[in-house]
Structures are given as C-alpha cells and as structure tokens.
Amino acid sequence: MYCTNTVSFKPASKTTSMSIQPYTEDQNDALQEVVNIAMGQAGDSLARILGHFVGLSVPRIRLVTVEDVIKTVTDMVDENAEISAVRQAFSNALRGEAIVAFAQAGADDLADLMGYDTDLDQSAEQELLLEVSNLLVGAVINGISDTLKTDLSFSAPSLMAQRTPLDQVLVPEQLSWSHALLMEVNFTVEDRDFHCHLLMFMTEGAIDTLRDILDEFMDSI
Amino acid sequence: MAVSVTVVDDSKISRKMVIRALPPQWNIELTQAENGEEALAAYRDGKAEVMFLDLTMPVMDGYQVLEQLQKEQLNTFVVVVSADIQPEAQARVKKLGAMAFIKKPVKTLDIQNVLHEYGIV
C-alpha cells in the first residue's frame, strides 16, 4: 500500500501551480481553531493510553513551498538526534499526509509509559510507534471531520523512517508538489522524555478545497 | 437587570461559537476579550460577572487568568471553554477556581446545562 519511504502526494505536479492564494485572516482563524480542537482530541486519546497528562503545543500552520519544507520542518521539530517517523495518508474530502515523528528518547520512554519492557526489539518498537501514530492521526482526522462536517478517512500507518536524521526523512526531489499547507503540533509528557510531533500536509488541490470548506463552516456559525 | 458576560478567546470564530450557544432569552451585556489581560481588564470594569474563558491564548493564558483571580480573591463565575479536554486539564482548572468546564466545539446544550445547574438562567 504505502511502502515508499519518502513523502509524495497525488495528484499534483510541480508544473501545475505557480502560486497559491493565501487564506484570509478569518479562514486562518477558523482553521487554527479546527486544528486546535482536533489536536485536543488527539491529546486526550494519548493521555488515556499513557495514563499521564499530555502537554499540547499551540498548533502551527504554515504555507510552505517544496524548497523550504525541510527547513520549516526541522525548525518545527528541532531534534538533533535521530527520529522515527510514521506516515498515514488521508483522503475523501481532503487529501494529504499525516506524519508522526518520534525522537528516539521519546520512543524509548513510550514503551516504559505503556508498561512494556523498555528493551524492545526493533519490530516491537515499530508496532508501538504505529499504534500510537494511528491513535493520534485517527483522533485528529476524526476531530477535523466532525468539526467541519466533512468526510475524511485515513490509511493504515506505515513506518517511513526508523532512527534516521530528520533532514533525511523528507526528500524534496521526490516530493510531487510545489506548495503545501503544513500543520504541526507537539505532544509532551510532564517530567518524562516522551514527546512527539504530528505534522499534516495538504497540497495544492486540498488547499483550495479546504478554503471552501472553511467558508462553509464559518457561514454555518 | 442584564448580567455582564465576557467571552475570552483569541479566536474570533471560537468566540462566535460560544456567543451563538448562549441562551437567547438570557438578558446579558456582552463583552469580548482576546487574551487574559483584556479579560481581567473587563472584569475590573465590571463587565464579567460571568466569564467564558479559553485556556490557550497569547499574552496571558486562561490558567494565568484563573491564578490572578484566585490571588486577588476576585469573584466571577468562570466557565472554562477548552479544546484540551483531558480529565486532568478539567481538574486543574477547577482547582484554580473555575466553576465549570466545557469542551470545544461548544454545544448549546452544554452551556445551558451549566447555566441551569448553577441557577444562572
């Protein structure tokens, strides 16, 4: 299914779009709030399986070009160490990719938080990362879908990187888009090493579709 | 007599969602605030007998507003309205003096239940 190890999106090509019309202030405000609600639900799901209070960052939303995506993502994620990353595609009304990036210290701590042996072998660690990613992405996608009253579904999680430097996880040359809307939030656990970042990318077509969906959402309030 | 109500949230759409969910028959004097500092200023102007308070805001967040209200022993009926719906977040704000906690997205029924429960409407 999703077996490649870099991010690519369909349908899009680098030649289709010269520029993207940015969202209005009201559209950005509505999007920020929708993402906030969705990430809150993801944080709640995570808190329930970890049995700990989860700290949520304020969601960051940026329009990025393929040229600056690596810099933006590394600024957001800000991890010097290697990370493991899980990806899931979402589709229907909006199409895009969600990526959950775990710093290695966080991945180790996750096993402990969930009551597993901390010396997990690689495949057991993978399973755990896939499970947590699926939980977060599922909650976020359902949160967006419920709030905007729009149909969204998501694919099974697949591992895109394990113990890999962050700047090697995304390869611009292999991305099939020129602009993307990037949404990021990070989850932390007080007094623990665990933390992870959830990144969502929507590309050209979805950016325009979302604009219309946000307008309808605002009109409904 | 009209009850003074301040809705505090940095998001315009979020304030609108709260305001829309208030009971239509409720006689209120409405004020909007975009952060905690504006919320406290509204309180000091006598505009916040009831306060609907978001937690995550720039300048001064909802937790800081609650701490300040508690520190100065100020008397307002605070309903926290938050996207952070963890039970622990609810417990924390109640410990800081919030009377009630409502999850975002706000539902009319949730607001009405709180207002009825405390005999406000």
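In what follows, chains are A, B, ... by sequence order, proteins preceding strands, each numbered from 1. Quick note: numbers below take in every heavy atom, side chains included, and nothing from hydrogens, waters or symmetry partners.
- One finds the CD1 atom of Ile13(B) at 13.0 Å from the CG atom of Asn36(A) (value rounded to the nearest 0.5 Å).
- At a heavy-atom cut-off of under 4.5 Å, chain B is reached by Phe217(A), Met218(A), Ser220(A), Ile221(A) from residues 211-221 of chain A, listed in order of number.
- Under the 3.5 Å distance criterion, the side-chain polar atoms of Glu88(B) are left unmatched by any main-chain donor or acceptor of His52(A).
- Looking only at heavy-atom pairs under 4.5 Å with chain B, the residue among Val54(A), Val58(A), Asp26(A), Leu46(A) that has the most is Val54(A).
- Around the NZ atom of Lys103(B), the shell of radius 6.0 Å holds no more than 12 heavy atoms that belong to other residues, nucleotides or ligands.
- At a 4.5 Å heavy-atom cutoff, Val34(A) makes no contact with chain B through either its backbone or its side chain.
- Ser11(B) touches chain A through backbone and side chain together, each having a heavy atom under 4.5 Å away.
- For a residue to count as touching a neighbouring chain, one of its non-hydrogen atoms must lie under 4.5 Å from one of that chain's; by this rule Asp146(A) does not touch chain B.
- To the nearest 0.5 angstrom, Lys104(B) atom NZ is 11.0 Å from Thr147(A) atom OG1.
- Judged purely by atom type and a 3.5 angstrom limit, Asp84(B) has no side-chain atom pairing as donor or acceptor with the backbone of Gly40(A).
- Annotation for Glu190(A) and Arg92(B): closest pair OE1-NH2, 3.0 Å, computed over non-hydrogen atoms.
- Glu33(A) CD to Arg15(B) CZ: the interatomic distance, rounded to the nearest 0.5 Å, is 10.5 Å.
- Annotation for Asn75(B): atom CG does not count as buried by contact number, only 12 or fewer foreign heavy atoms lying within 6.0 Å.
- Between the CD1 atom in Ile37(A) and the OG atom in Ser14(B) there is a gap of 6.5 Å [rounded to 0.5 Å].
- Residue Glu25(A) does not touch chain B at all, counting heavy-atom pairs closer than 4.5 Å.
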